[in-house]
Amino acid sequence: MFPVTIRRQRKYEAEQAIRDLEARGFELIYPLTELEHDGKEFKRDSYNRKIFVQNTHSSCWIAKLRKVD
């Protein structure tokens with residue numbers, strides 16, 4: 001059986017999804033982990049050159065589960 005990957009933007013949503021799947025007979029094989037990504041946002045000026053606007057930050061909560069036979 002292939003593992004099920006849970007990806008959620010908020011931690012409480014990921015925890016709820018894990019609880020729901022565990023109630024349906026799944027087991028946790030990869031713990032809930034936060035992945036963070038930092039980036040930069042640019043815009044173009046009238047000469048089509050890139051101009052830095054701001055730094056961006058995003059995160060995602062990931063866990064893996066598999067069905068217990």
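The analysis underlying the following values was restricted to heavy atoms, covering all of them including side chains, and did not include hydrogens, waters or symmetry mates. For reference, positions follow the sequence shown, starting with 1.
With sequence neighbours excluded, no residue forms a side-chain contact (heavy atoms from CB on, under 4.5 Å) with Ser46. Asp69 meets the side-chain contact (heavy atoms from CB on, under 4.5 Å) test with Lys67; sequence neighbours excluded.
Pairs of residues two or more places apart, or lying in two chains, that qualify as salt bridge (Lys or Arg N to Asp or Glu O under 4.0 Å) and include a residue from residues 32-50 are Asp45-Arg49. Contacts classified as side-chain hydrogen bond (donor to acceptor under 3.5 Å, both in side chains) and involving residues 20-29 (residues at least two apart or in different chains) are given here: Gln16-Asp20, Glu27-Arg66.
Separating the NZ atom in Lys11 from the CH2 atom in Trp61 is a distance of 4.5 Å, to the nearest 0.5 Å. Here CD1 of Ile62 is found 4.0 Å from CG of Leu35. Values are rounded to the nearest 0.5 Å. Note: Leu32 CG to Leu65 CG = 10.0 Å, rounded to the nearest 0.5 Å. For the atom pair NZ of Lys64 and CG of Leu21, the computed distance is 14.5 Å after rounding to the nearest 0.5 Å.
The 12-atom threshold is not exceeded at NE2 of His37, counting heavy atoms of other residues, nucleotides or ligands nearer than 6.0 Å.
A pairwise comparison of heavy atoms in Arg7 and Cys60 identifies CB-SG, 4.2 Å as the closest pair.
Here Phe42 is tied into one hydrophobic group with Phe52, each link being a pair of ILVMFWY side chains closer than 4.5 Å. Summarising the hydrophobic clusters (Ile, Leu, Val, Met, Phe, Trp, Tyr; side-chain heavy atoms under 4.5 Å, direct or chained), the residues clustered with Tyr47 are none.
Put simply, the side chain of Gln9 gets close to the backbone of Ser59: a donor and an acceptor are under 3.5 Å apart.
Hydrophobic clustering (ILVMFWY, side-chain heavy atoms < 4.5 Å, transitive): Leu28 and Tyr30 are in distinct clusters.
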